[in-house]
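Quick note: residue numbers are just sequence positions, from 1.
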Amino acid sequence: MDSNVVRLTKDATGAPQGPSGAPNLAVVAPGAEKPPVPLWVRSGRAVRAIVTHEHTRTAARLTVRHGMYMVGGTRIVAKRTWEGRTATRYERMLRAAEAAGNYEVAAEWEERGQRFRDARHRRRMDLLHSPLDAAKGVAVSAGMGVGSLVALGVVMAVATKDVTQVVTPLMATVEFINLLITVATVVWGPAVTFGPFLALLALWGVGRHQQAAPNWALPAAVRNGEGEPITPSIVVKALRDLGVPALGRAIKEMGDAGAAMLGPIRIAGCGVEVDVTLPSGVSTNEVQNRRRKLAENLSRHEHEVFITIPQAARTVRLWVADSGALDEPIGPSPLVTDETMTADYGKGRAPWGQDLRGDAAAISLYQRHLLITGLSNQGKTVALRSLALWLALDKSVQFLMGDLKGVGDWAMFQGLAKVLIQGPTDDHVIQVTEMVEGAVDEMNRRIQAPQGTAFPPLIVLVDEAQVAFMCPAKDDQRRPYGGSKANSRYFMAVRKIHNQGRAVNVLMWQGTQDPTNENLPKLVREGAHTRASLALGTESQARMALGDKAVDGGAAPNLLRPGLDRGTLVVASDGIAIPAGQASITVRTHYIDDDAAEAITDRAKALRDGVTTLHAIDKGEQHDPLADIASVIGTADRVRTKDVLARLAALNAAAYGKWSFLDLKRVLGSVGAEPRKSDGVMVVDRDRVARALANRDGDGSASAA
């Protein structure tokens, strides 16, 4: 016999069993017929299939749901009846007011409760005397009623001269009462039969209206909560289940009156808004830090719930979007639809987009430095460009532009900008740096102009500014173009414009990606009056982009969805209308594509006489400022700074004619030979300049500036 075959035997029931007596453990050779599946296994599988079938589960949910509607309706009606007969409602409202810290309202509810108890006591005392009073009343009423009927019969008998008419009214009344008894007898049977069913139907209706069934047994649409309207009970339940122990306990003590925490629910654009006054012991950041859970409790996605902090203490403001509303486009920009639109730098506001309420979001650009940041490919350039497009429609505004991405996003400003540099290389960074330094020179010229002189707005715009801050190149005097040190040329030029440019309408606009301390130094980002951020990766980046105050007040660009919320900005600025008590506002910006941008710039060019756009900064004649300073000092030990400036201007008017003390101090300070005070005047020491010149040349530096 083949060793791979194990002989099977049968048990007492005829079922096959293995050598050890265990059922169905037979080992058969390949190709042999398999033993039949026992009946009890087949029956179990069939039962399992029936139990787990979707029709069975649906029927079970249906049965439980409608049964619980009746049970829940009975509980709700019983609770309402009990509250109507007792002072429970007043006690609950009293506890809710105390938990909310509103003791005036608590005292009012206590007084109402006491009045209710006094009235209930009077009613109960009246019940002690009511049987006797009722009997007397019935007797008097019966006597008067019979007497009236008899009197009426007498009148009828006199009128008809028929004595039998005396009892006619009395008999008519008796017959009417008999008819009522007959009708009641006929109706009583069906009422007794169908009354309980009608009562149960009423209880079922109450339970169904309140959805008094387990969540798993509710219909799919209700269970998923998609599009569920925001009501006070839903908000209170969402807060109760938020996972904050103190908040949960306080709401449970309040009972259903937890809605006392809520202000009115107001329609706000494509959603609703409600203020929540938190109970004592619950801080606002405990709710802010649970935004995702709160959104899920409200049957919303995380990006559809915004939590801000208004001025009132212990209060959070919830804005809850309608389901899916934030994924709908907001429509074209007025710059595209209104071809007659013009701009006013001083008094106008740029149409930037819409806020979450659906209202137009317009921003003032007057004397405000601007910073826009965010992750790559989130719409930063388009958001920044839309502001420049609007401002271009004011023919008095001048532009100096550096695009360190260099893919043509700003090419339509050819013929509008005085300077337009496009490219990502170190040479382009050098050109952009010299452009910004030229704006600093223009700023200094304006500052030194006679008081009251009006200057046209000059917008110095650098897109992808992180490329400039990260540039490793150095100039001939070994000063870095990038970085954030005191000798960094781009950094110091931006800082100077931030410090003094606003007063003479020289403004710095920057767009940058993925902010860090390395590619966006602290002093630069804090120098911007208007700070806006698209989607970011972390809260620390959000704080860099908008500042601690805005983030502590609820601003959360790190919670925006990269890709899905493209073009949505969180803005912190006094140039845009922000709801009272908030530190920021969320704006969904209009999208203006390249073709539409070309059309807008064509309209802007038609307003102007024509602008020649430079694509590089003319360095002019090569000169060495430090060597020239040493030459004009000559053999004197020290020379007054104003004399040094006059001699430099005489030596090379083109290079030094517009120099101020700040320019002289910048050059000398970078090599450690800055001017000092002697006998009350600022002077330049010959020895210090000669030493700095010797040290520089000894390092092998070139002597061209």
Side-chain angles (χ1 to χ4, degrees), residues 333-336 338-352 362-372 383-403 410-421 435-463 493-494 496-511 528-530 573-576 592 596-615 617 658:
S333 169
L335 290 173
V336 177
D338 185 0
E339 296 183 356
T340 64
M341 176 176 286
T342 58
D344 186 338
Y345 163 76
K347 299 179 182 179
R349 290 178 177 266
W352 210 6
I363 185 169
S364 172
L365 304 174
Y366 177 68
Q367 292 188 346
R368 290 179 175 87
H369 301 303
L370 175 67
L371 172 65
I372 298 180
L384 183 61
R385 190 176 67 183
S386 64
L387 298 180
L389 288 171
W390 176 80
L391 205 54
L393 296 175
D394 183 341
K395 63 181 181 180
S396 67
V397 178
Q398 302 172 359
F399 292 98
L400 302 178
M401 291 184 169
D403 175 16
W410 298 88
M412 67 285 301
F413 280 85
Q414 171 73 26
L416 275 176
K418 297 177 66 176
V419 177
L420 177 59
I421 299 170
M435 177 191 76
V436 179
E437 289 176 339
V440 173
D441 294 337
E442 172 64 15
M443 176 188 72
N444 291 332
R445 185 189 69 80
R446 293 183 178 190
I447 292 175
Q448 296 172 8
Q451 188 175 5
T453 304
F455 301 104
L458 176 61
I459 306 299
V460 185
L461 190 152
V462 180
D463 195 10
V494 173
K496 289 175 182 178
I497 294 178
H498 278 176
N499 289 338
Q500 295 179 295
R502 177 177 177 272
V504 290
N505 281 334
V506 178
L507 302 177
M508 192 75 208
W509 289 12
Q510 294 184 97
H529 302 100
T530 295
S573 172
D574 61 351
I576 193 169
I592 303 177
E598 288 276 4
I600 296 171
T601 52
D602 288 343
R603 286 158 41 199
K605 293 172 188 176
L607 300 174
R608 303 169 189 251
D609 295 332
V611 177
T612 301
T613 300
L614 301 178
H615 297 282
I617 303 300
K658 295 183 179 180

How are the rings of H369 and H529 set relative to one another: parallel (under 30°), tilted (30 to 60°) or perpendicular (over 60°)? parallel
Can you tell me how far apart CE (M435) and CG (L420) are? Round to the nearest 0.5 Å. 9.0 Å
Atom pair CG/OG of D344 and S364 - distance to nearest 0.5 Å: 9.5 Å
Tell me, which pairs form a salt bridge (Lys or Arg N to Asp or Glu O under 4.0 Å) where one or both residues lie in residues 393-403, sequence neighbours left out? none
Starting from the C-alpha separation in whole Å, work towards a yes-or-no answer on side-chain contact (heavy atoms from CB on, under 4.5 Å) for L391 and F399. CA-CA 10 Å; L391 205 54; F399 292 98; 4.2 Å; yes
Tell me which one of L365, I372, D463 satisfies side chain to side chain contact (heavy atoms under 4.5 Å, CB included) with W509. L365
The criterion is ring pair (Phe, Tyr, Trp, His ring centres under 6.0 Å); which residues satisfy it with Y345, sequence neighbours excluded? Y366
Measuring from atom CG of N444 to atom NZ of K658, what distance do you get when rounded to the nearest 0.5 angstrom? 11.5 Å
Show your working on side-chain contact (heavy atoms from CB on, under 4.5 Å) between M401 and I421 and close with a plain yes or no. CA-CA 6 Å; M401 291 184 169; I421 299 170; over 6 Å; no
When you compare the side chain of L389 with that of F413, does any pair of heavy atoms fall below 4.5 Å? yes
Could you report the tightest heavy-atom contact between I363 and I576, atom names first, then the distance? CG1-CB, 4.2 Å
Calculate, to the nearest 0.5 Å, the distance between atoms CH2 and OG1 belonging to W390 and T342 respectively. 9.0 Å
Could you pull out all residues at least two apart from K418 that satisfy side-chain contact (heavy atoms from CB on, under 4.5 Å)? Q398, L400, V611
Is the shortest side-chain heavy-atom distance between L370 and L507 below 4.5 Å? no
Nearest heavy-atom approach of A392 to R608 is O-NH2, 2.8 Å
Can you run down the salt bridge (Lys or Arg N to Asp or Glu O under 4.0 Å) pairs that involve residues 435-455, sequence neighbours left out, and say none if there aren't any? E437-R489, E442-R445, E442-R446
I need the single residue from L458, L461, V462, I459 that forms a side chain to side chain contact (heavy atoms under 4.5 Å, CB included) with M508. Which is it? V462
Looking only at heavy atoms, the pair that brings L393 and M341 closest together is CD1-O, 3.4 Å
K605 to Q414 - nearest heavy-atom pair and separation: NZ-O, 2.8 Å
Could you tell me which residues satisfy salt bridge (Lys or Arg N to Asp or Glu O under 4.0 Å) with R502, sequence neighbours excluded, listed by chain and number? none
Please report the interatomic distance CD(Q448) to CE(M443), rounded to the nearest 0.5 Å. 10.0 Å
For D574, salt bridge (Lys or Arg N to Asp or Glu O under 4.0 Å) partners two or more places apart: R368
Which atoms form the tightest heavy-atom contact between A449 and T453, and what is the distance? CB-OG1, 4.1 Å
Non-hydrogen side-chain atoms of L384 and W410 separated by less than 4.5 Å: yes
Do you know which two heavy atoms are closest between L335 and S386, and how far apart they sit? CD1-O, 3.8 Å
Quick check against the 3.5 Å criterion: does T613 have a side-chain atom that pairs as donor or acceptor with the backbone of G415? yes
